[in-house]
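None of these values were measured; they are calculated from a predicted model. Note on naming: letters A, B, ... go to the chains in the order of the sequence lines (proteins, then strands), and numbering restarts at 1 for each one.
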Amino acid sequence: MKPYYITTAIDYTNAAPHIGHAYEKVLADVMARFQRLTGREVYFLTGVDQHGQKVQKSAEKMGISPQEFVDGVTEKFTALWSRLGVDYDGWAATTDEKHKRVVQAALQKLKDCGQLYTAKTKGFYSERAEQFLTDKERLEDGTFGEEWGTVTEIEEENWYFKLGEHVEWLRAFIQSHPDFITPAFRTADVLNALENSGGQDLCISRPVERLSWGIPLPFDERFVNYVWFDALVNYISFAGYLSEEAGNADMPVFARLWPADAHVIGKDILIPAHAIYWPIMLHALGFSDEEMPKLIVHGWWNIRGKKMSKSLGNVVDPQNVSDIFTPEGLRFYLMRDMATGYDADLSEERMEIAYNKELAGGLGNLLNRSLSMAQKYRSGVLAVSAYDDEIHQALRQTVADTVPRYLEKMQTWQIHQGIEEVWKIVFQANQFVDLTAPFKLAKDSEQAARLDSVLYHLAETLLHVSVLLTPIIPQACAKMREQIGWVMPEGFTFADLHWGLLKDGHQLNQPVPLFPRLELPVAE
RNA sequence: GGCAAGGUAGCUCAGUGGUUAGAGCGGGGGCUUCAUAAGCCCUAGGUCGGGAGUUCGAUCCUCCCCCCUGCCA
């Protein structure tokens with residue numbers, strides 16, 4: 001089976017990462033880790049989009065080079081990923097020379113097969129804003145406002161990509177491939193946009209006088225490439241596409257990885273970039289319908305129903321949140337509270353509940369009380385017991401039933417539902433302690449076999465949970481297994497999960513609170 | 001104006017063409033002591049936005065309307 005190739009959007013290095021960036025990368029990381037635990041090889045690519053006008057301007061303002069500027073911002077992203085345990089295999093930075101060479105090779109390829117052409121267009125250009133203005137910017141009397149400074153009509157030559165030529169193909173492709181976009185309801189928007197596009201071509205260049213911070217067109221030094229080829233091509237350039245033509249060494253074998261199993265993106269860049277430009281670019285480069293990637297479109301985190309934005313001043317810094325709720329607390333919350341594809345509300349109250357009630361009180365406390373009793377009554381040594389009854393059977397049954405349900409939810413990106421499935425085990429295990437009351441059994445030596453059985457069931461159940469939750473909270477799960485005293489064998493997969501992983505005489509370790517309860521100041 | 005997504009218990013949200021529509025939180029009552037003042041049990045009578053239709057039967061299907069959000073114009 002080919003490796004599972006998963007990518008995320010590459011983030012624009014003009015500002016520090018916010019919670020939406022964090023969500024997307026954690027989501028992809030969770031899926032990457034999940035796929036690995038199904039036994040599949042995985043290649044997880046993420047990165048940063050570093051070129052463009054905004055970066056050039058910001059760097060100028062600070063009096064440093066664009067490269068210095070983007071290096072600084074990039075570090076904030078990589079630091080965050082490291083902190084949140086986003087564990088990628090490939091890093092796509094668009095100023096990487098290897099990437100630039102592939103972009104140029106791809107553009108050359110398109111030019112050679114007649115997909116690119118030059119044209120002159122007239123437009124109203126604002127010196128101050130360094131951009132062309134459209135009718136949207138016009139005031140009611142037809143003039144442009146003072147904020148634009150002097151606006152002059154100029155004629156400019158640029159390179160264009162024959163996008164319009166492929167619109168019909170794309171429409172047919174989308175209609176015949178309902179799995180192209182997940183969730184499916186987004187497809188209607190795409191078909192709509194195609195309807196309204198009017199078959200327009202795509203401008204892919206900017207004159208170097210206006211934009212120097214970009215990848216030069218290989219066949220026309222007067223221009224640099226603008227936006228889409230630069231950014232979208234990362235999905236193939238860092239997967240090894242055209243690495244021979246570009247003279248790139250040590251790249252993945254493209255034929256093994258492609259097509260991507262999941263481009264994880266936000267709903268804001270579905271149209272037109274990922275659902276229209278990208279498949280058409282691939283199609284024009286000669287990719288077949290079977291070689292088209294799949295899109296996983298996630299929603300946004302809102303703040304009290306409002307969009308997060310700089311102007312509203314409600315942008316949430318994931319570093320701050322992980323300071324308070326711990327990195328794994330944040331990972332858990334982000335996966336727990338969003339139904340993939342839809343929007344969700346970011347709520348500090350919910351975060352606290354997720355941490356203190358679910359992680360600390362539910363899972364962490366279950367581990368703690370189970371190990372504590374095993375230490376207290378049996379010095380941490382488990383014994384396989386002949387005792388059995390309906391309560392014990394029911395717990396084993398729940399564990400066994402949960403695994404396939406969990407796998408199904410996770411495979412279809414319903415992470416929050418996968419978590420819910422696992423929590424049914426956590427809940428039942430806590431209930432199991434109350435029903436079996438091992439602390440009472442311990443007082444009666446005639447109940448020894450029964451007590452052994454209870455302690456064994458708790459440890460084995462927790463071990464299962466620690467495997468199932470590994471994609472979501474990998475570090476906490478590793479700690480759980482440390483305390484249980486069980487090392488996950490190399491190459492262990494979900495298929496290897498079966499009752500009886502812990503052997504007779506297994507030695508458990510001392511309990512240490514997994515998620516120390518957080519004392520948070522009361523919100524206003 | 002067009003398109004899309006929502007409108008379900010006080011709050012945040014699951015969910016399904018069919019016996020009494022669910023969870024968490026909050027609130028109220030109880031049990032327990034192994035545990036991170038954690039856990040477990042009981043407790044919500046909510047016209048599943050409104051109306052019409054299809055159906056033996058709809059919260060879930062169709063149509064119309066209203067409200068909110070997003071995108072486009």
| field | Nearest-angstrom distance from the residue atom CD1 of A/I269 to C1' of B/C71 | value | 15 Å
| remark: A/L435 CG to B/C31 P, in whole Å, measures 17 Å
| query | Which nucleotide sits closest to the side chain of A/M373: B/A4, B/C34, B/G70? | reply | B/C34
| field | Spacing between A/I271 atom CD1 and B/A5 atom P, to the nearest angstrom | value | 13 Å
| query | What nucleic acid atoms does A/L514 come within less than 4.0 Å of, heavy atoms only: base, sugar-phosphate, or nothing? | reply | base
| request: With heavy atoms under 4.0 Å as the rule, sort A/G361 into base, sugar-phosphate or nothing. | output: sugar-phosphate
| query | Checking all strands, does A/F427 fall into the base, sugar-phosphate, or nothing category for heavy-atom contacts under 4.0 angstrom? | reply | sugar-phosphate
| message | If we count only N and O atoms by modelled type, under 3.5 Å, do the side chains of A/W301 and A/D337 hold a donor and an acceptor together? | response | no
| Does the pair A/K294/A/D179 count as a salt bridge with the N-to-O cut at 4.0 Å? | yes
| Just checking A/F515: base, sugar-phosphate only, or nothing, at a heavy-atom cut-off of under 4.0 Å? | base
| field | Residue pair A/M281 / A/L232, side-chain heavy-atom distance below 4.5 Å | value | yes
| query | Does A/D444 pair with A/R450 as a salt bridge, N-O distance under 4.0 Å? | reply | no
| What distance, rounded to whole Å, do you find between the two P atoms, one in B/A4 and one in B/U47? | 29 Å
| task | Round to a whole Å and report the spacing from CG of A/L363 to P of B/G39. | result | 12 Å
| said: Check A/R396 with A/D401, please: is the shortest side-chain N to carboxylate O separation under 4.0 Å? | reply: no
| C1' atom, B/G50 versus B/G22: distance in rounded Å? | 24 Å
| said: Show me the dot-bracket string of RNA chain B, counting Watson-Crick or G-U pairs under 3.5 Å, with | for pairs to another strand and [ ] for crossing ones. | reply: ((((.((..((((....[...)))).(((((.......))))).....(((((..]....))))))).)))).
| query | For RNA chain B, whose closest nucleotide is more 5', that of A/K267 or that of A/A344? | reply | A/A344
| query | A/N192 side chain: which of B/C3, B/U32, B/C25 is closest? | reply | B/C3
| Between A/K267 and A/D189, is there a side-chain N and carboxylate O pair less than 4.0 Å apart? | no
| query | Is there a donor N/O on one and an acceptor N/O on the other, under 3.5 Å, for the side chain of A/N365 and the base of B/G39? | reply | no
| field | Proximal nucleotide (of B/U33, B/C13, B/C3) relative to the A/K440 side chain | value | B/U33
| CZ of A/R405 versus C1' of B/A14: gap in Å, rounded? | 15 Å
| said: Measuring from the side chain of A/R350 (C-beta onward, heavy atoms only), which nucleotide among B/A38, B/G24, B/C40 has the closest atom? | reply: B/G24
| query | In whole Å, what separates the P atom of B/A44 from that of B/A52? | reply | 30 Å
| note | Per atom distances to the A/Y342 side chain, the nearest of B/U33, B/G39, B/G6 is B/G6
| field | Rounded interatomic separation in angstrom, taking CD from A/Q414 and P from B/A23 | value | 21 Å
| query | So what does A/P438 hit on the nucleic acid, given a heavy-atom distance under 4.0 Å: a base, only sugar-phosphate, or nothing? | reply | nothing
| message | Counting only side-chain nitrogens and oxygens, does A/Q417 get under 4.0 Å of the OP1 or OP2 atom of B/G15? | response | yes
| message | Please confirm whether the shortest side-chain N or O distance from A/N368 to OP1 or OP2 of B/U36 is below 4.0 Å. | response | yes
| note | Atom CG of A/L270 and atom P of B/C3 are separated, to the nearest Å, by 19 Å
| said: Rounded to whole Å, how long is the line connecting atom CD of A/E352 with atom P of B/G24? | reply: 18 Å
| Contact class for A/E358 (heavy atom, under 4.0 Å): base, sugar-phosphate, or nothing? | nothing
| said: Would you say A/R33 and A/T470 are linked by a side-chain donor-acceptor pair, where the criterion is simply a distance under 3.5 Å? | reply: no
| query | Among B/C34, B/A4, B/C40, which is the nearest nucleotide to the side chain of A/R369? | reply | B/C34
| task | Would you indicate, yes or no, if B/G39 has its OP1 or OP2 atom less than 4.0 angstrom from a side-chain nitrogen or oxygen of A/K357? | result | no
| field | Under 4.0 angstrom between A/Q431 side-chain N/O and B/C41 OP1 or OP2 | value | yes
| query | Is A/K409 salt-bridged to A/E421, going by a charged N under 4.0 Å from an acidic O? | reply | no
| message | Go nucleotide by nucleotide along RNA chain B from the 5' end; which of A/R186 and A/A339 gets its closest nucleotide reached first? | response | A/R186
| field | Salt bridge flag under 4.0 Å for residues A/E482 and A/K479 | value | no
| query | Between B/C25, B/A35, B/U32, which one does the side chain of A/E349 approach most closely? | reply | B/C25
| query | Do A/D434 and A/R369 sit within salt-bridge range, that is, some charged N less than 4.0 Å from a carboxylate O? | reply | yes
